[in-house]
Enquirer: 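Please find one structure pasted underneath; my questions will follow.
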Amino acid sequence: AGMNGTAIENFVCVIFNVSFMNCTWHVGRTASGDTQYFLYWKTSKEEDFTGCQNYIKDNYGRHTGCRFQNVTIENKKAYFLVNGSRSGQNIQSISDYIILEKLTPPLNVTVNCTEASHGCEIRWQPPRTSHVKKPACFKYEIVIENK
């Protein structure tokens, strides 16, 4: 339901520092200045939606993003709902979204160099994440600089 072109576009959520999530979107192509959007999310079909408490706004005061704290996704899915209105008319709903996670650096990095072997052993643990728990999901690149 809703007028064509009123649904949000380019909906992306980025998780960072393990438990913070920023979601952003573009206003629909035909959305007027009085269109307002409201974002809700949850991690299971059984639980209630949580509404955004900290909106990002554009120059017209329309919601174009949200900042969430204390986010836990772990092995669950994320369900999003965006609704709103413009001059009393409903907006179209969305079906596509992207969730990205900016990872923290690896933990407990240790370097042990010995003259006898003319080499170094470098060890670390995977970074903390909000939902990826499999070590095989990570690939690492080491850049060594001589100073």
Enquirer: Sort and list the pairs that fulfil salt bridge (charged side-chain N to carboxylate O under 4.0 Å, His left out) and have at least one residue in residues 6-18, not counting sequence neighbours.
Expert: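 For residues 6-18, and leaving out neighbouring residues, the salt bridge (charged side-chain N to carboxylate O under 4.0 Å, His left out) pairs sorted by first residue read Glu9-Arg29.
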
Enquirer: Could you pull out all residues at least two apart from Asn108 that satisfy side chain to side chain donor-acceptor pair (under 3.5 Å)?
Expert: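 With sequence neighbours excluded, Asn108 shows a side chain to side chain donor-acceptor pair (under 3.5 Å) to Gln125, given in chain and number order.
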
Enquirer: Above 12 or not: heavy atoms from other molecules or residues under 6.0 Å from CG of Asn54?
Expert: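 Yes, CG of Asn54 has more than 12 neighbouring heavy atoms, counting only those of other groups under 6.0 Å.
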
Enquirer: Could you tell me whether the side chain of Thr6 and the main chain of Ile91 form a donor-acceptor pair under 3.5 Å?
Expert: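 Checking the backbone N and O of Ile91 against the side chain of Thr6, no donor-acceptor pair under 3.5 Å is found.
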
Enquirer: For Cys66 and Ile56, which heavy atoms make the closest approach, and how far apart are they?
Expert: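 Shortest heavy-atom separation between Cys66 and Ile56 comes out as N-CD1, 3.9 Å.
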
Enquirer: Could you list all the salt bridge (charged side-chain N to carboxylate O under 4.0 Å, His left out) pairs where at least one residue sits in residues 103-121, not counting sequence neighbours?
Expert: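 Residue pairs passing salt bridge (charged side-chain N to carboxylate O under 4.0 Å, His left out), neighbours aside: Glu121-Arg123.
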
Enquirer: With no hydrogens and no angle check, is any side-chain donor or acceptor of Tyr55 less than 3.5 Å from a backbone partner on Gly61?
Expert: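 No; judged by distance alone, with no hydrogens or angles, the pair does not exist.
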
Enquirer: I'd like to check the side chain to side chain contact (heavy atoms under 4.5 Å, CB included) partners of Thr50; sequence neighbours left out, ordered by chain and number.
Expert: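 Expected list: Trp41.
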
Enquirer: Can you tell me how far CG of Leu81 sits from CZ of Phe49, rounded to the nearest 0.5 angstrom?
Expert: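 CG of Leu81 is found 5.0 Å from CZ of Phe49.
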
Enquirer: Apply side chain to side chain donor-acceptor pair (under 3.5 Å) to Thr114 and list each qualifying residue two or more places apart in sequence or on a separate chain.
Expert: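 Side chain to side chain donor-acceptor pair (under 3.5 Å) list for Thr114, sorted by chain: Ser117.
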
Enquirer: I'd like a table of donor-acceptor pairs (distance under 3.5 Å, sequence neighbours excluded) in which one partner is a side-chain atom from residues 19-26, with atom names and distances.
Expert:
residue, atom, partner, partner atom, Å
Trp25, NE1, His63, O, 2.9
His26, ND1, Asn10, ND2, 2.7

Enquirer: Taking Gly28's backbone N and O only, do any of them form a donor-acceptor pair with Tyr37's side chain (distance below 3.5 Å, no angle check)?
Expert: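 Here the side-chain-to-backbone pair exists.
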
Enquirer: Got Leu100 and Val12 here, is their nearest side-chain heavy-atom distance under 4.5 Å?
Expert: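 The answer is yes, as the side chains (C-beta and beyond) meet within the 4.5 Å cut-off.
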
Enquirer: Let me see the working for Phe68 and Cys52 under side-chain contact (heavy atoms from CB on, under 4.5 Å), right down to the final yes or no.
Expert: CA-CA 7 Å; Phe68 290 99; Cys52 177; 4.2 Å; yes

Enquirer: Under 4.5 Å between any side-chain heavy atoms of Glu101 and Leu103, yes or no?
Expert: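 Sidechains of Leu103 and Glu101: in contact.
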
Enquirer: Between Lys102 and Phe16, is NZ or CZ placed under 6.0 angstrom from the six-membered ring centre and within 45° of the ring axis?
Expert: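 Not flagged: Lys102 not positioned over aromatic ring of Phe16.
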
Enquirer: Which atoms form the tightest heavy-atom contact between Pro105 and Pro127, and what is the distance?
Expert: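 Where Pro105 meets Pro127 most closely, the heavy atoms are O-CB, 3.6 Å.
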
Enquirer: Is the shortest side-chain heavy-atom distance between Ile142 and Ile122 below 4.5 Å?
Expert: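 Yes. Closest side-chain heavy atoms under 4.5 Å.
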
Enquirer: How about Leu107 and Arg128: do any of their side-chain heavy atoms sit closer than 4.5 Å?
Expert: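 Answer yes - side chains close enough.
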
Enquirer: Return the set of residues passing side chain to side chain contact (heavy atoms under 4.5 Å, CB included) with Tyr60 (not counting sequence neighbours), or none when no residue passes.
Expert: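 Residues passing side chain to side chain contact (heavy atoms under 4.5 Å, CB included) with Tyr60: Asp58, Arg62.
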
Enquirer: Run the ring-centre check on Tyr40 versus Phe80 and record whether the distance is less than 6.0 Å.
Expert: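 Distance test on ring centres: not under 6.0 Å, no.
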
Enquirer: Suppose the criterion is ring-ring contact (aromatic ring centres under 6.0 Å, His included): which pairs have a residue in residues 99-125, not counting sequence neighbours?
Expert: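 Every ring-ring contact (aromatic ring centres under 6.0 Å, His included) pair that includes a residue of residues 99-125, provided the two are not neighbours, is Trp124-Tyr140.
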
